[in-house]
Amino acid sequence: MNKSMKTKRAVGNAITYATLVIISIIWLFPFVCLFLQSLRSYNEGGGGMVEYLLPKQFSLDSYIYLFSEESKFVRWYGNTLVIAFFVALFQTIVVLCVSYALSRMRFKGRTFLMKFWLILGMFPGFLTMICLYFLLKQFHLTQEGAIPGLILIAVASSGMGYYVVKGYFDTIPKALDEAARIDGASRARIFFTMIIPMSKPIIIYAALVAFMAPWCDYIFASYVAFGYSDSYNVAVAMQRWVWTNDYQGFFTRFCAGGILIAVPVTALFICLQKYYVEGVTGGAVKG
């Protein structure tokens, strides 16, 4: 009987591992193809399937082009990094403050405000693109000023993303706040000296989510930059590359740029994965 159970368990584990391996291969296949195409020579044409997947001659021409004077990739990459960094910084601060206020304070209209924000968040952001563009244009925050304009728009509405962070704050016992209040601590001191040190996972979660949004943004970034190439982020700039007549050549450069774009995000998730999962699971409670 024990031998039969061990056999069934071994077969079940083998099937599970085989399924996971197949899923991993399917998931990794596009990334492997992207990396191989980035190593293809600029002038090398495609052939059959094998010749298309495996370059005849490996070359770093596409990567060299990205850092050459002819390309503005370094500037576009810097634009994206600046936008993502400041959005992650300010948006995290706003979300933490709003979530703490909604979690710990009770005031008139609190429940209505939370429900209203949740309903408002169901509408896609691009519905307001035209209004936001003309508003930013009045303050000269389009084209040449597109970078601060994109940061402003991303941070201004960040308070509505309070729900997960508030849920995490709700798991922290309110008795700690009450004890500190009895000892004379202010709301600000409780927040900075007690709540923040205990909320490392959710802070990292909020920062990663805030960083990812502008890093991958294309629609609104292209709309605000509106043809001014010095204000492009990498998503907009690389999309313009595949619109050129030299599609075959710029496609390899597009793939090389995609690899470089994926590096910081992948590194962040690998290093902070533990805290990210703790933040998601800790904040997924009903407040």
Side-chain angles (χ1 to χ4, degrees), residues 30-31 34 37-38 66 71-92 94-95 116-164 205-247 250-251 253-266 268-269:
F31 299 97
L34 185 71
Q37 290 304 305
S38 70
L66 295 181
S71 170
K72 292 184 178 181
F73 182 81
V74 175
R75 182 183 182 89
W76 297 328
Y77 200 94
N79 291 344
T80 310
L81 192 61
V82 168
I83 296 171
F85 173 79
F86 283 104
V87 169
L89 176 63
F90 294 123
Q91 186 168 318
T92 302
V94 172
V95 170
F116 177 73
W117 278 350
L118 284 176
I119 296 173
L120 196 63
M122 296 179 183
F123 295 93
F126 59 78
L127 292 178
T128 61
M129 283 176 55
I130 296 177
C131 296
L132 289 177
Y133 176 79
F134 282 104
L135 180 63
L136 292 176
K137 190 174 181 180
Q138 295 297 320
F139 293 95
H140 305 286
L141 294 177
T142 59
Q143 295 185 313
E144 296 92 336
I147 294 175
L150 290 170
I151 295 173
L152 175 62
I153 292 300
V155 174
S157 60
S158 57
M160 292 191 297
Y162 71 90
Y163 195 72
V164 176
Y205 164 81
L208 281 176
V209 171
F211 185 88
M212 283 292 297
W215 193 263
C216 302
D217 182 32
Y218 167 75
I219 297 178
F220 200 72
S222 63
Y223 198 69
V224 175
F226 198 63
Y228 189 77
S229 62
D230 287 344
S231 296
Y232 286 167
N233 64 1
V234 285
V236 177
M238 291 172 58
Q239 197 272 347
R240 296 294 193 275
W241 276 356
V242 296
W243 277 4
T244 62
N245 294 327
D246 187 11
Y247 174 80
F250 273 96
F251 178 72
R253 297 167 179 174
F254 175 88
C255 294
I259 295 296
L260 295 181
I261 293 169
V263 169
V265 177
T266 305
L268 283 174
F269 269 97

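Numbering of residues begins at 1 and proceeds along the displayed sequence. Just so we're clear, the structure is a prediction, and the values are computed from it rather than from any experiment.
Rounded to the nearest 0.5 Å, atoms CZ (F251) and CE (M238) are 10.0 Å apart. With rounding to the nearest 0.5 Å, the separation of CG in D230 from OH in Y232 is 9.5 Å. Of the inter-residue distances, the one linking L89 atom CG with F86 atom CZ reads 7.5 Å to the nearest 0.5 angstrom. Rounding to the nearest 0.5 angstrom, the gap separating the CH2 atom in W241 from the CD atom in Q239 is 12.5 Å. Considering CZ of F211 and CD1 of I83, their distance stands at 11.0 Å, rounded to 0.5 Å. With values rounded to the nearest 0.5 angstrom, F254 atom CZ is found 10.5 Å from I259 atom CD1.
When every heavy atom of V234 is checked against every heavy atom of T80, the shortest pair comes out as N-OG1, 2.9 Å. Scanning both residues, A225 and S231, for their nearest heavy atoms gives CB-O, 4.2 Å. Nearest heavy-atom pair, N233 versus P214, reported as atom, atom and distance to 0.1 Å: ND2-O, 4.0 Å. Residues M160 and L120 approach most closely at SD-CD2, 3.5 Å, considering heavy atoms. What you find for A88 and A210 is that their closest heavy atoms are CA-CB, 3.6 Å.
In this structure, the side chain of W76 engages the main chain of S229 through a donor-acceptor pair within 3.5 Å.
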Just list the side-chain donor-acceptor pairs under 3.5 Å for residues 142-158, sequence neighbours left out, or say none.
residue : atom : partner : partner atom : Å
Q143    : NE2  : F226    : O            : 3.2
S158    : OG   : V155    : O            : 2.7

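For F139, the CZ atom sits in a loose shell: 12 or fewer heavy atoms of surrounding residues, nucleotides or ligands are nearer than 6.0 Å. Counting heavy atoms of neighbouring residues, nucleotides and ligands inside a 6.0 Å radius, atom CG of L118 exceeds 12 of them.
Counting only heavy atoms from C-beta outward, the side chains of F220 and L132 approach each other to under 4.5 Å.
Among residues two or more places apart in sequence or in another chain, the ring-ring contact (aromatic ring centres under 6.0 Å, His included) test is passed with Y77 by F73, W215. Taking the salt bridge (charged side-chain N to carboxylate O under 4.0 Å, His left out) definition, one finds that K137 meets it with nothing, sequence neighbours left out.
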